[in-house]
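For reference, the structure is listed below as structure tokens.
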Amino acid sequence: MRAAVLRNLGDETLEVVDDIELVELGPTDVKVQIKCTGVCHSDLHGMKGDLPQGAPFVPGHEGAGVVTEIGSAVTGVAVGDHVVVAWSPPCGKCVACVDQKSPHLCVMIQFAVAAIPRFVQGGSPVWGFAGTGTFAEEVILPQEAAIVIDKDVPFEIASLIGCGVTTGVGAAINTAKVEPGSTCVVFGCGGVGMSVIQGCQIAGAAAIVAVDLNADKQELAKRFGATHACSPDGLAAVQAEVCGMAGGFDYAFEAIGLPQTVRAAYDAARRGGTAVVVGVGNAAATVELNMFELFFQERTLKGSYYGSADVRSDFHRLLRLWKAGKLDLEGMISARIGLDDVNEAIDKMIKGEVIRSVITL
Ligand code: APR
Ligand code: ZN
Ligand code: ZN
């Protein structure tokens, strides 16, 4: 079958090949024919080695498709079901899932699956990004990673739910728990940042300031609910206007993955406010905070992993919001492409030109 493969970590382009095979279907696995998959910045983080990843590997983790085969012990997923791929599904039994009630922090399945190659090429193992690898016509997934959805949801819409939308909207409504009337700023207006903006709007924020280097993105952000938009340089003036005496925002979100924008998000939060780090950074990159500000500002600096979402219920919640016209997913698709155009899509993402490119397989 066809797939896009990154040969070595650090390579800049993917090879589109047609001789990839799947590993054997285990008793608790399902085989999914991928119909659509979004190109997310985390794929690039995997290619660069910012995220731990075995190579060669098939990138892609934001996908949706149809179940074509199930293992002998699979329950709850049937052949013909339409599914969204969850790249970190909860096991439902561990300390994170049960005691801490944080199913998004469950690593039992993700770590186990990521350690096993998903594909074979010429007899050699090929890994799947984050244990998935949706830049392929078919994938083998643990049954928990296939979240069954209604058949009337278009696959391109469903694919976005698998990562960027859940990550972004979830950061606002689950991680930060933005309240009605609050003031928010979002650094980075890619697929994830635009989803954060929509999440803040759904939560009833009174002001949502979008910050991006790209002027086109600033304009687009207003379509997704931003009340103001500016470049990083222009933020001080907008912040003074929006926040007034409060001095800073109730909630500041970083959806880029750079130390300087994490620092800027921390600085943009008001005293007692919350800065949420959604962007993925390299383990070697650090952010400096001084001792005085840590205590005096009384800010909360919080990570957000997979939108602090429970994929079993939140995927459906987000689709209900989309069906109700409260979440614009069509508008997030900047380009509809084939697998052969994947390198061009990654290039456009690096240049900040697209919200999401969606590959149809
Ligand atoms: N200041 C402001 N905006 C910036 C800067 C900067 N220094 N650098 C990049 N941007 C903007 C780009 O112009 C682009 O619009 O940030 C946006 C990033 O969007 P994408 O590359 O599409 O990334 P996305 O898929 O949205 O992911 C964002 O969230 O989940 C993580 O791994 C993901 O770290 C990534 C982040
Ligand atoms: Zn668990
Ligand atoms: Zn992603």
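We use all heavy atoms of the structure for the numbers below, so side chains are in, but hydrogens, waters and symmetry mates are not. One-based numbering along the sequence shown. Every number for a ligand or one of its atoms is a count from 1 in the order of the listing.
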Ligand 1 to [X] polar contact by distance, N or O atoms, under 3.5 Å:
| X | result |
| --- | --- |
| D212 | yes |
| G279 | no |
| R356 | yes |
| T261 | no |

Q: Anything protein N/O/S under 2.8 Å from the Zn ion (ligand 3)? Just list residue and atom, please.
A: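 Counting only protein N, O or S atoms under 2.8 Å from the Zn ion (ligand 3), the list reads C40 SG, H61 NE2, C163 SG.
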
Protein contact of [atom] - nearest heavy atom, named by residue and atom, plus distance:
| atom | result |
| --- | --- |
| atom 26 (O) of ligand 1 | V192 N, 2.9 Å |
| atom 35 (C) of ligand 1 | H45 NE2, 3.5 Å |
| atom 32 (O) of ligand 1 | S42 OG, 2.6 Å |
| atom 5 (C) of ligand 1 | L213 CD1, 3.5 Å |
| atom 31 (C) of ligand 1 | V278 O, 3.7 Å |
| atom 9 (C) of ligand 1 | I256 CG2, 3.8 Å |
| atom 21 (O) of ligand 1 | H41 ND1, 2.5 Å |

(Q) Would you say Y251 and E179 are linked by a side-chain donor-acceptor pair, where the criterion is simply a distance under 3.5 Å? (A)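 Judged by distance alone, the side chains do pair up.
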
Q) Is it the case that T261 and E254 place a side-chain donor and acceptor less than 3.5 Å from each other? A)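 Judged by distance alone, the side chains do pair up.
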
Q: May I ask you to check whether F315 and W322 place their ring centres under 6.0 Å from each other?
A: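 Aromatic pair excluded; centres sit 6.0 Å or further apart.
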
Could you tell me whether the side chain of [X] and the main chain of [Y] form a donor-acceptor pair under 3.5 Å?
| X | Y | value |
| --- | --- | --- |
| N282 | A284 | yes |
| D11 | L6 | no |
| Q201 | A226 | no |
| Q198 | D328 | yes |

Using a strict cut-off of 4.0 Å, indicate which atoms of ligand 1 neighbour a heavy atom of [X].
| X | value |
| --- | --- |
| K217 | 14 (C), 15 (O) |
| P232 | 1 (N), 2 (C) |
| G191 | 22 (O), 26 (O) |
| G190 | 15 (O), 17 (C), 19 (O), 20 (P), 22 (O), 26 (O) |

Return a table of donor-acceptor pairs under 3.5 angstrom between the side chains of residues 287-298 and protein atoms on other chains or two or more places apart.
unit_1: N290; atom_1: OD1; unit_2: F292; atom_2: N; d: 3.0
unit_1: N290; atom_1: OD1; unit_2: E293; atom_2: N; d: 2.7
unit_1: E293; atom_1: OE1; unit_2: R263; atom_2: NH2; d: 2.8
unit_1: E293; atom_1: OE2; unit_2: R263; atom_2: NH1; d: 2.7
unit_1: E293; atom_1: OE2; unit_2: R263; atom_2: NH2; d: 3.3
unit_1: E293; atom_1: OE2; unit_2: N290; atom_2: N; d: 2.7

Q) Parallel, tilted or perpendicular: which describes the rings of F129 and F57, with under 30° parallel and over 60° perpendicular? A)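 The rings of F129 and F57 sit tilted, inter-plane angle from 30° to 60°.
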
Q) Could you state the interatomic distance from SG (C230) to CD (E241), rounded to the nearest 0.5 Å? A)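 Spacing of SG (C230) from CD (E241) equals 10.0 Å.
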
(Q) If I take atom NZ from residue K222 and atom CD1 from residue I197, how far apart are they, to the nearest 0.5 angstrom? (A)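 Reported value, rounded in 0.5 Å steps: 11.0 Å.
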
**Q.** Verdict with supporting geometry, V113 and R118, side-chain contact (heavy atoms from CB on, under 4.5 Å)
**A.** CA-CA 8 Å; V113 172; R118 304 273 93 199; 3.6 Å; yes

(Q) Ignoring waters, how many N, O or S atoms from the protein are under 2.8 Å from the Zn ion (ligand 2)? (A)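 Every protein N, O or S atom under 2.8 Å from the Zn ion (ligand 2) counted, the figure is 4.
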
(Q) One pair to check against side-chain contact (heavy atoms from CB on, under 4.5 Å): V242 and F249. What are the steps and the verdict? (A) CA-CA 8 Å; V242 170; F249 297 88; 4.0 Å; yes

Q: Salt-bridge test for D341 and K348: reply yes if a basic N is under 4.0 Å from a carboxylate O, no otherwise.
A: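 Looking at K348 together with D341, the answer is no, because their closest N to O distance does not fall below 4.0 Å.
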
(Q) Tell me whether D152 is salt-bridged to K323, with the criterion being a basic N under 4.0 Å from an acidic carboxylate O. (A)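 Looking at K323 together with D152, the answer is yes, because their closest N to O distance falls below 4.0 Å.
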
(Q) Please give me the minimum heavy-atom distance between I355 and S334, naming the atom from each residue. (A)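 Closest pair (atom of I355, atom of S334, distance): N-OG, 2.7 Å.
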
(Q) The test is side-chain contact (heavy atoms from CB on, under 4.5 Å); show your working for H82 and D150 and say whether it passes. (A) CA-CA 7 Å; H82 290 196; D150 290 345; over 6 Å; no

Q) Heavy-atom distance to atom 28 (C) of ligand 1: which of A215, A171, S195, A255 wins? A)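 The residue whose heavy atom sits nearest atom 28 (C) of ligand 1 is A255.
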
Q. Which pairs, with at least one residue in residues 153-177 and sequence neighbours excluded, count as a salt bridge (Lys or Arg N to Asp or Glu O under 4.0 Å)?
A.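 Qualifying pairs: E156-R336.
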
Q. So which bit of M194 gets within less than 4.0 Å of ligand 1, heavy atoms only: side chain, backbone, both or neither?
A.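 Answer for M194: neither.
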
